[in-house]
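Contents: one structure, followed by commentary.
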Amino acid sequence: MSAETAVDETTRLRVATAWLGGCSGCHMSFLDLDEKLLDLAAMADLVYGPLTDTKEFPPNVDVTLVEGAVTNEDNLELARAVRSNSRYVVSFGDCAVSGNITSLRNSMGDPTELVRRVYVDHPDINGHFPSEVVPALLPHSEPLHEVIPIDVYLPGCPPSAERIWTLLSRLLESLAAGEGIPDLTWRGPEDLRFG
Amino acid sequence: MAGPIDLYDVANAERDARAHFSRRAFVCTSTGCLSAGASAIKQTLADSVTGSDQEQSVQVVPTGCFGLCSRGPLVRVEARGKDPMLYEHVTADIAAEIAGEHLLEGREASADKLSLDLPFFTRQEKVVLSNAGHIDPDRIEDYVGQGGYRALQSAVETMTPEGVVKTIKRSGLRGRGGAGYPTGRKWEFLATAESDEKYVVANGDEGDPGAYMDRTIMETDPHRVLEGLSLAGYATGASQGYIYVRAEYPLAIERLERAIREAKRAKLLGRSVLGSDFRFDIEVRIGAGAFVCGEETALMASIQGERGTPTLRPPYPTERGLWGKPTMIQNVETLANVPMIMERGAEWFASLGTPESKGTKVFALTGSLNNTGLIEVPMGITLREIVEEMGGGIPGGRAFKAAQSGGPSGGCIPAEYLDTPVDYENLQQLGSMMGSGGLVVMDDTVSMPEVARFYMEFCRDESCGKCSPCRVGTVKMHAFLDRICEGVGRKRDLQHLESLCHTVRATSMCGLGQSAPNPVFSTLEHFRDEYLELLVPDETFGGSDARWTAEPERAAATTERGAR
Amino acid sequence: MRPRTGPRPNVPVTIDGVEHQAYEGETLLELARRVGVRIPTLCHLEGLSVYGGCRLCVVEVAGDRRLSPACALEVTAELEVTTQSWDLHEHRRRIVELLFAEGDHVCAFCVSSGSCELQDLATEHDVDHIHYDFAHPDQAVDASHPKYSLDRNRCVLCTRCVRVCDEVEGAHVWDMAMRGSQGRIVAGMDQPWGEVADCTWCGKCVLVCPTGALSFKGRATSEMVHDPDVVAFLAAAREDGEWLDRKADA
């Protein structure tokens, strides 16, 4: 790398995304940023997430967007890792913000019966409770803020690319200038909205 | 009786009849003692006397309540020339002993007795409960014998309705149901309302947990309630009265209905009360298990046969109430004060109590106390006197922690305020309220967050469901309290609980929702440490937490935003 | 909004620092709407009786330490009112959040998403997440009616359906049963809607429902568009013989 294009790793912002109990629609919407992704790349490094190849959640992340409700033990572990290693956590999309579709199972009560019906009773062969690879379901599927403190909420199912950019650009600009979370008055081009 | 009752004749006849008895046994037959076997006790005593050679000189009188309910069933024996004797924890066997020894032979029985010199008894000032334990509630003659219905007769025959209103105003009587609204002023509103039909209602719904003051008044002295309501009708121009009694008081309902029948026969109710132009009828209306129907507009809806939910005020009931007509709703205890005020005068009543809180108050004294039961005390008595002298202190060597007044709408009063004189203003200043009279004493084993949770559960179950902040808010406030009490509450649960309490109090439609947060506020004010100790450690928040602490800069930004 | 006729308005009412003239006896909400001041409402619907249950329209009245519902506050004398303040905004936001947390309000696949007054109120009051646990009730959908569907999980108990059916259609199919958090809207004597003979299939309850609780069958996510103004239209037509401008049909 030549000196002019050398990236100064000490000042570039570190952004991550995480995909918990969600459908990945929020990540698709994120990719919908299209050419804005280049602007994002100019401001920050993407250091973890389904769009990168990093295996472990890294330390010293500035902003993490977390999609999905906390619905199984893996989600819980990752959520806590995200919180411990991130300055700011964004609850990204309706599943993270309010449980949404992932949490519809809560009205059915104990998930054990649900798992039994799906994995034990219905398969034609080899029906059994999954014990390897598939993580155990938590008793309740929870919004993200029930398990970790959250700094910013971004509802939507999914939030539109425009809304994502409104948030991200203001947030990253503010952090790059050495300030904290800016006043996020949601009267921009897209209203704050569930659904 | 063909014509109206002659009160003096009947009173004299009663006195003469009583004078024949050398010994009288009074058996408490209020709900508390009845549920502990008072019926069998009364029967045993009566059977022993009937057919004996003492039949003409010994009388067994079913009565109640004597007040010290925790020592029941209670029997008091009055013998001519001797001090009265109060037997406690009476059983049918002990009753047989009392009958055999004391009633028939004139010797004190060896059964356990209570001293009538206990502060529990001597510190009381009986106004509304002056007949409780002395008369048979099922005999109008007994009530008349004690001077009953003289106030009504005097008012109807010698006073104008305005004169009666003036007397009540001068007495300083305030509503005993909880709010303490000046009674005379309410009467004046109804009296000056112009309408072809007006109603007066006695509120006997008494929903606070542990409160049984009104139940006792209705069970032990139903005619006093009828007389008070009739006087209210006379003073305000109403010709129909209702007594709304909760369905869970079947004995009170039965006694009131019998009393109404007797009063009608005696022409104390009906088209021509005591032969005058005054027309007044009373009907008992029964509730169906909803605390919210103690709220006056919900109560009226219930009387009208509708869903018992509150309606918006204004218009107030004295403008538009039952079936659109001017209506006045008064608590049973408030009305029970009226006959004696009319008889003894406003100045006499105003000489009791404190300058702002005249008269007496009946309290249901319960909880961690040696003596629990019903007391009637002058306003201004200190909490310490009630708890330590009358209540006999805390059992088991434990320490006083707090007293809860006002039930689910009230607050707790910790030990440092024990010397507070009990009256409307002082209790309000301490973050509680007089309420209907329930007074629950708690010792140092009680968890105050659990007390708040208990009252919130009650409010949640009793919410009528009409308004969102109460219907959903009580569920969520209870859920937060539950988390905290179960040891899984986080700091933000406590923050959200407090802010939600403010919203529910400020925006609910009626008193149930408006006061449901009171026990939370009160226990947080005096016992916040207990809540904090139960919380799990929590990581600190980032910026989004700022909203909950209402920082001034953020507040200004939001106000600007909201104004757009 | 139907124009008022008769004597001129002459009761001074100051709203957020600006003085207006009110007709004697009109409600504060009527005045506010007439002069263009926004007060949020949910259970209120012009043409129906006042319910006063949602408590979103509460305002501060000078001299009264209690908040008053604007929908019911009748102007009879001079008043000074505040409709927007930090406290009022917070109270209204919390009430909206409570309503979300009461049922199963999942906008993502709701038939009324985009035409939902609860959703709009959430946006208006900066609701970006719900601070209270969702109740996740398990209320079955009542799809017994040939044309319409009732999902109680989305009901906010505003009782517009109860009032419109009772007061405008005159059938009184709907009412509220039980109390408190057990309260729910029931048809007839708590029967499946399709079995209630009194129902005239007029659809007004569906049109006035503020959320996705009541909808036309055959609508998918975001396809149910309500039309509550139909009540004001009918009231003006019936009572005054006036035909107000109507929006295009849903």
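Note that the coordinates shown come from a computational prediction; the quantities given were computed from them, not determined experimentally. Below, chain A is the first sequence line, B the second, and so on; all start at residue 1.
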- What part of C:Met178 gets closer than 4.5 Å to chain B, counting heavy atoms only: side chain, backbone, both or neither? backbone

Rounded at 0.5 Å granularity, tell me how far [atom1] in [X] sits from [atom2] in [Y].
X: B:Arg471; Y: C:Leu99; atom1: CZ; atom2: CG; answer: 6.5 Å
X: C:Ile130; Y: B:Lys476; atom1: CD1; atom2: NZ; answer: 10.0 Å
X: C:Leu67; Y: B:Ser508; atom1: CG; atom2: OG; answer: 10.5 Å
X: B:Cys464; Y: C:Met176; atom1: SG; atom2: CE; answer: 6.5 Å
X: C:Glu102; Y: B:Ser468; atom1: CD; atom2: OG; answer: 7.5 Å
X: C:Asp87; Y: B:Thr507; atom1: CG; atom2: OG1; answer: 11.5 Å

- Query: Between C:Cys43, C:Ala101, C:Cys158, which has the largest tally of heavy atom pairs under 4.5 Å with chain B?
  - Reply: C:Ala101

- By residue number, those in residues 310-326 of chain B with heavy atoms under 4.5 Å from heavy atoms of chain C are B:Leu312

- Option that, when pairs with chain C are counted at under 4.5 Å, heavy atom only, ranks first among B:His502, B:Glu462, B:Arg505: B:Glu462

- Heavy-atom pairs under 4.5 Å with chain C, option from B:Thr309, B:Val292, B:Asp461 with the top count: B:Asp461

- Are C:Tyr132 and B:Leu500 close enough, and set up right, to give a side chain to side chain contact (heavy atoms under 4.5 Å, CB included), and what steps lead you there? CA-CA 10 Å; C:Tyr132 313 115; B:Leu500 182 55; 3.6 Å; yes

- B:Pro469 and C:Gly53 have their tightest heavy-atom pair at CD-O, 4.4 Å

- Message: Between B:Ala479 and chain C, with a heavy-atom cut-off of 4.5 Å, which part of the residue counts as in contact: side chain, backbone, both or neither?
- Response: neither

- Task: Check the surroundings of atom CZ in C:Arg66: do more than 12 heavy atoms from other residues, nucleotides or ligands lie under 6.0 Å from it?
- Result: no

- Message: For C:Glu19, is the CD atom crowded, meaning more than 12 foreign heavy atoms sit under 6.0 Å from it?
- Response: yes

- Message: Is it the case that the side chains of B:Thr503 and C:Arg94 hold a donor-acceptor pair, with the cut-off being a distance below 3.5 Å and no angle test?
- Response: yes

- Item | Listed partners of B:Arg307 passing side-chain hydrogen bond (donor to acceptor under 3.5 Å, both in side chains), at least two apart | none

